[in-house]
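Any value given below was found using the heavy atoms of this structure, including those in side chains, with hydrogens, waters and symmetry copies removed. Residues take their numbers from the sequence shown, with the count starting at 1.
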Amino acid sequence: MTWKDPAQPGSAGTPLIDASVHIFMQSNKDLRRNFLKEPFASRGFPDYEMNWYGAPGGEYAKDTKGPNREYPGSDPDIAAQHLFTDRGVDIAILHPMTRGIMPDRHLGTALAAAHNEMMVTRWLEHDEHGERFRGTIRINPDDIVGALRQIDKYKDHPRVVQIGIPMQSRELYGKPQFWPLWDAAADAGLPVAVHIEGGAGIQFAPTPSGKTRTYEQYLGFMALNYIYHLMNMIAEGVFERTPDLKFVWADGAADLLTPFMWRMDCFGRPHLEQTPWAPKMPSDYLPGHVYFVQGALDGPGDTEFAGEWLSFTGKEDMVMFGSSYPHWQLNEPQIPTVLSTEQREKLLWRNAAQLYGLEAAFAGVGSASAVAAQ
């Protein structure tokens with residue numbers, strides 16, 4: 001089955017890359033018994049569930065648990081049925097969900113390593129579906145040595161296409177202590193994906209002024225933290241010193257980009273003497289460096305100027321579709337029908353194919369046909 005684009009009725013379908021598929025251990029017992037090594041397997045750490053800002057209707061979509069009620073998103077066969085057969089996805093970019101920041105950096109690295117082993121052995125090397133999965137290896141930015149070890153271990157795996165870090169961080173990601181990680185990612189040719197983590201061991205407030213009261217406030221505010229990281233990286237000259245580095249803000253925030261970049265251009269350029277290591281206009285560092293995963297697009301909806309809206313700040317070249325499977329929203333591509341064919345293809349698959357080196361799987365594909373990954 002291929003995804004049927006409502007803007008092209010009667011067509012064979014449009015290719016679709018799902019750039020945000022969250023995978024989990026089957027259970028805490030599965031994690032401790034099969035992947036986490038001692039002494040960490042006997043340590044205490046939080047479950048995946050968020051301790052306060054849970055979705056009122058439940059965190060996960062219906063029928064995403066395993067056959068014996070294993071954790072949602074933990075069974076490759078069920079996920080493949082939902083993604084490839086039911087939803088028409090051609091390739092799924094997997095992003096293991098871990099526990100965010102641990103008070104013990106070594107425990108955090110051990111949890112990341114366990115999730116990497118699980119993803120590679122159960123998903124990327126799956127006999128039937130592995131060729132249509134691509135993986136994100138998790139690293140712990142609090143442990144530079146351990147993180148570099150994980151990058152070195154998996155960077156040459158043919159189905160590993162990305163490095164993953166938590167959005168919650170003790171420091172902004174432009175700071176120099178993180179530069180060895182960004183250099184290693186660029187050297188390996190792997191983008192870095194930043195994702196909001198649930199079940200964080202150290203749960204920072206979602207706003208600079210403290211905690212919100214309700215889930216909808218949390219959801220509305222949390223993605224702002226992506227912008228704080230991005231603006232700091234630009235001001236600190238990260239993309240200037242590491243020109244091959246690519247960052248994916250993997251849980252929204254493209255809707256916030258234009259007004260924040262306008263402010264940064266306005267206030268940054270007149271004060272260049274403060275950041276001589278970043279000599280360009282701040283917005284000039286976006287193309288080729290910055291990407292976003294969105295389930296639904298911001299903007300005016302299906303109006304005549306929707307394409308112009310998407311082109312502001314170059315978002316049409318940055319945004320990739322992601323469903324957030326198996327979470328409750330389970331997004332379908334909701335793309336205004338008035339967008340140009342080129343814009344639609346970029347959002348649905350071309351941006352992701354270019355970023356993750358998947359062009360060969362879609363060689364010769366036009367706007368009216370779809371393929372399964374080769």
Quiz item: Checking side-chain contact (heavy atoms from CB on, under 4.5 Å) for the pair E332/R87: CA distance, chi angles, key distance, verdict?
Solution: CA-CA 8 Å; E332 291 279 1; R87 299 170 66 83; 3.3 Å; yes

Quiz item: Taking it one step at a time, do T136 and L94 satisfy side-chain contact (heavy atoms from CB on, under 4.5 Å)?
Solution: CA-CA 6 Å; T136 303; L94 308 177; 5.8 Å; no

Self-check item: Stepwise side-chain contact (heavy atoms from CB on, under 4.5 Å) check, E117 with Y154
Solution: CA-CA 10 Å; E117 183 182 352; Y154 291 107; 4.1 Å; yes

Practice problem: Give the C-alpha distance, both sets of side-chain angles, the deciding distance and a yes or no for side-chain contact (heavy atoms from CB on, under 4.5 Å) between V145 and T109. | Solution: CA-CA 10 Å; V145 172; T109 295; over 6 Å; no

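Scored by the side-chain contact (heavy atoms from CB on, under 4.5 Å) test, V293 finds A19, S20, V248, A250, M320 as partners (sequence neighbours excluded). Every residue two or more places apart in sequence or in another chain was checked for a salt bridge (Lys or Arg N to Asp or Glu O under 4.0 Å) with R149, and none qualifies. A search for side-chain contact (heavy atoms from CB on, under 4.5 Å) contacts involving N331 returns F321, S324, Q329, not counting sequence neighbours.
Taking 4.5 Å as the limit, every side-chain heavy atom of N140 sits out of range of all side-chain heavy atoms of L111. You'll find the side chain of Y226 reaches within 4.5 Å of the side chain of I196, heavy atoms only. No side-chain heavy atom of L358 sits under 4.5 Å from any side-chain heavy atom of W349. By the 4.5 Å heavy-atom criterion applied to side chains, E59 and H327 are counted as neighbours. Taking the side chain as every heavy atom from C-beta outward, F204 and I101 approach each other to under 4.5 Å. Side-chain contact between F178 and I165 is absent, with no heavy-atom pair separated by less than 4.5 Å.
Linking ILVMFWY residues whenever their side-chain heavy atoms come closer than 4.5 Å, directly or via other members, leaves W309 and L256 in distinct clusters. Put simply, M281 and L257 are part of two different groups of oily side chains (I, L, V, M, F, W, Y) that touch within less than 4.5 Å, one to the next. Linking Ile, Leu, Val, Met, Phe, Trp and Tyr whenever their side-chain heavy atoms come within less than 4.5 Å leaves V338 and L347 in two separate clusters.
Remark: E342 CD is loosely packed, at most 12 non-hydrogen atoms of other residues, nucleotides or ligands lying under 6.0 Å away. E304 CD: 12 or fewer foreign heavy atoms inside a 6.0 Å radius. Heavy-atom contacts from other residues, nucleotides or ligands closer than 6.0 Å to CZ of R170 number more than 12. The environment of E240 atom CD is dense: over 12 non-hydrogen atoms of other residues, nucleotides or ligands sit within 6.0 angstrom. Residue R159 places its CZ atom among more than 12 non-hydrogen atoms of other residues, nucleotides or ligands, all under 6.0 Å distant.
Two rings, from F40 and F45, have their centers 6.0 Å or more apart. Taking the six-membered ring wherever Trp is involved, the centroid distance between the rings of F84 and F133 falls below 6.0 Å.
Minimum interatomic distance between L148 and P180 (heavy atoms only, all atoms of both residues): CD2-O, 3.8 Å. Between I139 and P166, the shortest heavy-atom contact is O-CD, 4.3 Å. Closest of all the heavy-atom pairs between G164 and R138 is O-NE, 3.3 Å. Of all heavy-atom pairs between K211 and P206, the closest is CA-CD, 4.0 Å. Considering every non-hydrogen atom in both A186 and T242, the closest pair reads CB-CG2, 3.6 Å. When all heavy atoms are compared, the tightest approach of I78 to G66 is CD1-CA, 3.7 Å.
A distance of 12.0 Å separates CD1 in I93 from NE2 in H22, rounded to the nearest 0.5 Å. The structure places CG of L172 at 10.5 Å from CE of M231, a figure rounded to the nearest 0.5 Å. Separation of atoms CZ (R134) and CE (M119) is listed at 12.0 Å; rounding is to 0.5 Å.
Residues R241 and E236 are not paired through a salt bridge, judged by the lack of any N-O separation under 4.0 Å between the basic side chain and the carboxylate. Residues D104 and R43 are paired through a salt bridge, judged by an N-O separation under 4.0 Å between the basic side chain and the carboxylate.
Using the six-membered ring where Trp is involved, Y173 and F247 have ring planes that are tilted, between 30° and 60° apart.
Side-chain atoms of T341 and E345 form no donor-acceptor pair, as typed in the model, at a separation below 3.5 Å. At a cut-off of 3.5 Å, with distance as the only test, a side-chain donor of E316 or Q343 sits close to an acceptor on the other residue.
R122 pairs in a salt bridge (Lys or Arg N to Asp or Glu O under 4.0 Å) with only one of the listed residues (D75, D77, D127, D30), which is D30.
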